[in-house]
Colleague: 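My questions all concern the structure below.
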Amino acid sequence: MRRSLEIFLWQLAGAALLVFLSLQLDFKLDILLIALIGAFVGVLVWLFINLNRSGRFLDWIRTGDVSRAPKLNGVWGEVTDRTRRLLREQNKSLLASNKRLDDFLAAIQASPNGVVLLDANAQIEWCNLTAASHFGLNPTADISQHIGNLVRDPVFASYFTAGNFQNEVTISGKSSAASRASRLAVQIHPYGQGKKLLLSNDVTGREALEFMRRDFVANVSHEIRTPLTVLCGFVESLQTLDLDEAERLKYLELMGQQTLRMQSLVSDLLTLSKLEGSPSPLSDTWIGVDVLVRDCELEAKALKTDLGAKLGKNEITLNSSEHLTFEIQSNLELAGSQSELLSAMCNLVNNAVRYTPAAGKIGVTFNATDGGGAVFSVSDTGWGIAAEHLPRLTERFYRVDASRSRESGGTGLGLAIVKHVVQRHGGELQVSSILGQGSKFCFTLPSSRVRIKPS
Ligand code: ADP
């Protein structure tokens, strides 16, 4: 309607102008014809103006720059306005959806799991950095590559070809550290039109833990089975053989030894599980180092007597100060668990007693350090330990010489207990040893757990 009125006004203006000119210039033509020509000219001018405006509108639309919209009148002005508003809204929603996509990708990027998006042809559309490091992918250069060409593990290849993605499979990953063979649990989740989501999860630690657990159970079973088998043998002998009193007593003594061995094992296992399952000891109970060392000394001397009788080390003078010496700063106090600290100290001193021949020497010290902490150290001139064993000594059931450990009543858990106790008290266990010359085990305690006894 508006457009018709506009055309009509242009026609009217054209007609009026020409009629006016003809009157002024005295044209010898019919006035109606002149008006018609004028109206036609008016339409032509209207067309020309609108053509020009549509051209400017087109030029602007081609640039796509909303901010540089031309200032147009009439219909084209309205078209430009509406288009600009539409473009603005479209840009706004495009920005918002781009931001949503960025946020979404950033969230997947932050995921500890690897994520790979595969198109219907199993070509990589996108992958996060975790997946890139799991599979050794390049997140930009490998886009559009077929996943089968890049993840070549045979287990993955047959999983992918079989097309049954109900369960995950475990494959070898491409860890950045060459020394560490990583293991990945991967699973494919189909979505959309033939697309696939490939998720990966580093299970190296989980597998190692599972291995450790199985190893631990096997070790415990083995440790218990051996004395149990011996016990069963003796019980059978007692039941079936016609033994004299001396033999019977000998058998009972041996049975007692096996029972003690199992008892020590169970007791050490319980100690370890308690240490692992409870929070670090508080620092509000102070124990005198002299009390701890005195108990430790008593236990070591009892062990010496015991071993002397059992293993024929009776040439050791039990109270001889030159074989087992204690030098301590007796005004020191420690904060923590008395039973745990005593157990750590006794384990180290007892080990020195057990792994040092009769003529050897053992020196125990407990002193404050310059930094306000303290250090407990046990040095012996025993058999010593070869360097390759040192890093593994605190592993449960790790023994350098299993028969020597067992015959002196070892469970293979002592140093694991010491390490736990020391760590729970904020300290550190250090070991140095020379094969054939002796060893030195010491642990430090931080200044927060050490003080001079208030007078
Ligand atoms: P065990 O009960 O077998 O002594 P530990 O955990 O206490 O277990 O010690 C682990 C191993 O470390 C021992 O089996 C032994 O081979 C070695 N070991 C520990 N202390 C000493 C030491 N003072 N001298 C030599 N070897 C030692």
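First listed ligand is number 1; within each ligand, the first listed atom is number 1. Hydrogens, waters and symmetry mates play no part in the numbers below; they use all other heavy atoms, side chains included.
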Colleague: Closest non-hydrogen protein atom to atom 7 (O) of ligand 1, residue and atom name please, with distance?
Modeller: N351 ND2, 2.8 Å
Colleague: Report yes if the side chains of K440 and V378 come closer than 4.5 Å at any heavy-atom pair, otherwise no.
Modeller: no
Colleague: Within a strict 4.5 Å, meaning less than it, do heavy atoms of the F156 and I147 side chains meet?
Modeller: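 Counting from C-beta outward, F156 and I147 do come under 4.5 Å.
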Colleague: Give yes if a backbone or side-chain nitrogen or oxygen of L415 is under 3.5 Å from a nitrogen or oxygen of ligand 1, and no if not.
Modeller: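 It does: an N or O of L415 is found under 3.5 Å from an N or O of ligand 1.
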Colleague: Give a yes or no on whether a salt bridge exists between D59 and R56, defined as a side-chain N under 4.0 angstrom from a carboxylate O.
Modeller: no
Colleague: In the protein, which heavy atom is nearest to atom 3 (O) of ligand 1, and how far is it?
Modeller: S405 OG, 2.5 Å
Colleague: Is any NZ, NE, NH1 or NH2 atom of the basic residue among E210 and R213 found under 4.0 Å from an Asp or Glu carboxylate oxygen of the other?
Modeller: yes
Colleague: Considering the heavy atoms of F441, write down every atom of ligand 1 situated less than 4.0 Å from one of them.
Modeller: 19 (C), 20 (N), 21 (C), 22 (C), 23 (N)
Colleague: With ring centroids as reference points, do Y355 and W383 lie under 6.0 angstrom apart?
Modeller: no
Colleague: Is the closest basic N to carboxylate O distance between R248 and D244 below 4.0 Å?
Modeller: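 Judged by the 4.0 Å cut-off on N to carboxylate O distance, R248 and D244 do not form a salt bridge.
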Colleague: Check this for me, if you would: do E395 and R392 make a salt bridge, where the nitrogen-to-carboxylate-oxygen distance has to be below 4.0 angstrom?
Modeller: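 Yes, this pair counts.
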Colleague: Distance under 4.0 Å to a non-hydrogen atom of G412: what atoms of ligand 1 satisfy this?
Modeller: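 The atoms of ligand 1 under 4.0 Å from a heavy atom of G412 are 1 (P), 2 (O), 3 (O), 6 (O), 8 (O).
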Colleague: Who's the nearest protein heavy-atom neighbour of atom 13 (C) of ligand 1, and how far?
Modeller: Y355 OH, 3.4 Å
Colleague: Near G414, which atoms of ligand 1 are under 4.0 Å from a heavy atom of that residue?
Modeller: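 What qualifies from ligand 1 is 5 (P), 6 (O), 7 (O).
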Colleague: Compute the shortest N/O to N/O distance between V400 and ligand 1 and return yes if it is under 3.5 Å, no if not.
Modeller: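 Yes, since at least one N or O of V400 sits under 3.5 Å from an N or O of ligand 1.
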Colleague: For I385 and ligand 1, does the shortest N/O to N/O distance drop below 3.5 Å?
Modeller: no
Colleague: Identify whether the distance between the nearest side-chain nitrogen and carboxylate oxygen of R406 and E223 falls below 4.0 Å.
Modeller: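 Yes, R406 and E223 are salt-bridged.
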Colleague: Would you check if the side chain of Q145 reaches a backbone N or O of L150 as a donor-acceptor pair within less than 3.5 Å?
Modeller: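 Not a single qualifying donor-acceptor pair exists.
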Colleague: With heavy atoms only and a cut-off of under 4.0 Å, state how T356 meets ligand 1: side chain, backbone, both or neither.
Modeller: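 None of T356 does.
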Colleague: If every non-hydrogen atom of W126 is compared with every non-hydrogen atom of Q109, which pair is closest and at what distance?
Modeller: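 W126 and Q109 have their closest heavy atoms at CZ2-NE2, 3.9 Å.
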Colleague: What's the shortest distance from atom 12 (O) of ligand 1 to any protein heavy atom, and which residue and atom give it?
Modeller: L393 CD2, 3.4 Å
Colleague: Between G410 and ligand 1, does any nitrogen or oxygen pair lie at a separation below 3.5 Å?
Modeller: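 G410 vs ligand 1: no N/O contact under 3.5 Å.
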Colleague: Any atoms of ligand 1 less than 4.0 Å from a non-hydrogen atom of T411? List them with their elements.
Modeller: 2 (O)
Colleague: Walk me through it: do E78 and R82 pass the test salt bridge (Lys or Arg N to Asp or Glu O under 4.0 Å)?
Modeller: CA-CA 6 Å; E78 192 179 331; R82 284 182 187 273; 3.3 Å; yes
Colleague: Relative to the heavy atoms of R399, which atoms of ligand 1 are at a distance of less than 4.0 Å?
Modeller: 3 (O), 14 (O)
Colleague: Which heavy atom of the protein is the closest neighbour of atom 23 (N) of ligand 1, given with residue, atom name and distance?
Modeller: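 The closest one turns out to be D380 OD2, 2.9 Å.
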Colleague: Taking heavy atoms and a distance under 4.0 Å, where does H389 meet ligand 1: side chain, backbone, both or neither?
Modeller: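 No part of H389 comes within reach of ligand 1.
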Colleague: List every atom of ligand 1 that sits less than 4.0 Å from any heavy atom of Y398, numbering the atoms from 1 in the order shown and giving each element.
Modeller: 10 (C), 11 (C)
